Amino acid sequence: MIEVVTSRNALLYEAPLRDMYRLRHRVLVEHRGIERLRRRDGLQTDRFDTADAIYLLLTEDGGRVRGAARLLPTTGPHVFADAVPHLCAVRGVQRGARILELSRAIVDEKGLGRAQMETARKNLLVGLFEFCVRAGCEKFTTLMPTDLLFRNLVMGVDIKPLGLAVERDGTKQVAVAATVDQTALDAVRLALDVYEPLIYYVGARAGDPLELAPARIPARPLEAAE
């Protein structure tokens, strides 16, 4: 299950959000060694964790957070525009009401076994595309390792670099914009063999501006259903 958390339902998710910040610190600082993100309280937060942020929390049945991602509207402050615009020097920083910026996408690299971690990564990626389609998002931007760029292209996702690849945090990465639509979601589901709807957005009041379209049950290929 991937639960959507916004400022409108955050009161229901105080403990999971704290678990997410703790997981971010454990993965990004303690496991990957990105020291500039170290915090004395062990909770990785930054100036972009505001009321505008949308979080996707990958949770187990008991509610434990095993993965997470942050989406920021590009109509307001976001990482590419306000921290690292030079990474988008070729096509420029992307902005728009239907464009989101993805950052802090992680899974529990120390707490999960290898197979569980692979499943978590697949679910988080499919959930990202499912969320974007149901929320009416047309594109997301993100900083992506160059090897993942190739994998996404192979899956059939339309991804375009926004700048030149750079060495960052020990990995060669490139800013990209990915087109999101039903075709892309279907391609990702097929490539990763994940067909069940994953996204849940509960607890928001009626009239919430983030209205998700109903989940579409995808057609499962016969060979995958066997």
Side-chain angles (χ1 to χ4, degrees), residues 1-6 20 52-60 65-75 78-80 91 94-108 116-162 173-202 204 208-221 224-225:
M1 175 190 298
I2 295 178
E3 300 182 71
V4 179
V5 182
T6 69
M20 177 195 70
D52 291 331
I54 301 167
Y55 299 103
L56 304 182
L57 303 185
L58 175 66
T59 57
E60 295 178 331
V65 177
R66 289 299 196 178
R70 179 178 67 188
L71 293 162
L72 297 173
T74 56
T75 51
H78 59 287
V79 179
F80 280 148
R91 287 190 168 87
Q94 307 290 293
R95 299 177 187 270
R98 296 187 181 279
I99 303 175
L100 295 173
E101 181 188 76
L102 169 68
S103 58
R104 300 292 189 258
I106 55 164
V107 297
D108 189 352
Q116 291 174 309
M117 190 163 58
E118 186 64 20
T119 298
R121 284 176 172 155
K122 288 180 179 179
N123 288 344
L124 196 58
L125 183 57
V126 173
L128 168 66
F129 276 80
E130 181 189 330
F131 169 80
C132 288
V133 169
R134 293 176 60 190
C137 172
E138 296 175 349
K139 190 185 297 183
F140 70 82
T141 61
T142 190
L143 187 62
M144 176 179 288
T146 52
D147 60 331
L148 289 185
L149 170 62
F150 178 73
R151 289 185 206 174
N152 278 275
L153 288 170
V154 169
M155 282 193 290
V157 178
D158 179 15
I159 289 188
K160 291 182 172 56
L162 301 176
Q173 304 184 62
V174 62
V176 300
T179 298
V180 183
D181 54 20
Q182 189 62 49
T183 299
L185 172 58
D186 291 345
V188 173
R189 285 193 186 282
L190 179 64
L192 300 181
D193 194 25
V194 177
Y195 296 96
E196 67 275 20
L198 296 170
I199 292 294
Y200 294 85
Y201 182 37
V202 298
D208 187 282
L210 181 62
E211 293 186 10
L212 300 183
R216 171 177 162 180
I217 308 300
R220 188 182 181 92

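Small disclaimer: the values here were computed from a predicted structure and weren't measured.
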List in chain and number order the residues that pass ring-ring contact (aromatic ring centres under 6.0 Å, His included) with Phe131, two or more places apart in sequence or in another chain; answer none if no residue qualifies.
none
Those residues that, when tested against Phe80, pass ring-ring contact (aromatic ring centres under 6.0 Å, His included) (two or more places apart):
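Once residues adjacent in sequence are excluded, Phe80 has no partner under the ring-ring contact (aromatic ring centres under 6.0 Å, His included) criterion.
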Tyr201 side chain to Thr6 side chain, donor-acceptor N/O pair below 3.5 angstrom
yes
Ignoring hydrogens and geometry beyond distance, is a side-chain donor-acceptor pair present between Thr59 and Glu3 at under 3.5 Å?
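Side chains of Thr59 and Glu3: pair found under 3.5 Å.
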Which atom pair, heavy atoms only, marks the closest approach of [X] to [Y]?
X	Y	answer
Gly127	Leu198	N-CD1, 3.9 Å
Lys139	Ala177	CD-CB, 3.7 Å
Leu102	Thr142	O-OG1, 2.9 Å

Examine distances only and state if a side-chain atom of [X] and a backbone atom of [Y] form a donor-acceptor pair shorter than 3.5 Å.
X	Y	value
Arg70	Ala105	no
Arg134	Phe129	no
Thr74	Ile99	yes
Arg91	Pro161	yes

Any pair with a residue in residues 175-192 that passes salt bridge (charged side-chain N to carboxylate O under 4.0 Å, His left out), sequence neighbours left out, goes on the list, sorted by first then second residue, please.
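Sorted pair list: Glu130-Arg189.
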Given side-chain contact (heavy atoms from CB on, under 4.5 Å), test Arg95 with His78 step by step and report yes or no.
CA-CA 10 Å; Arg95 299 177 187 270; His78 59 287; 3.8 Å; yes
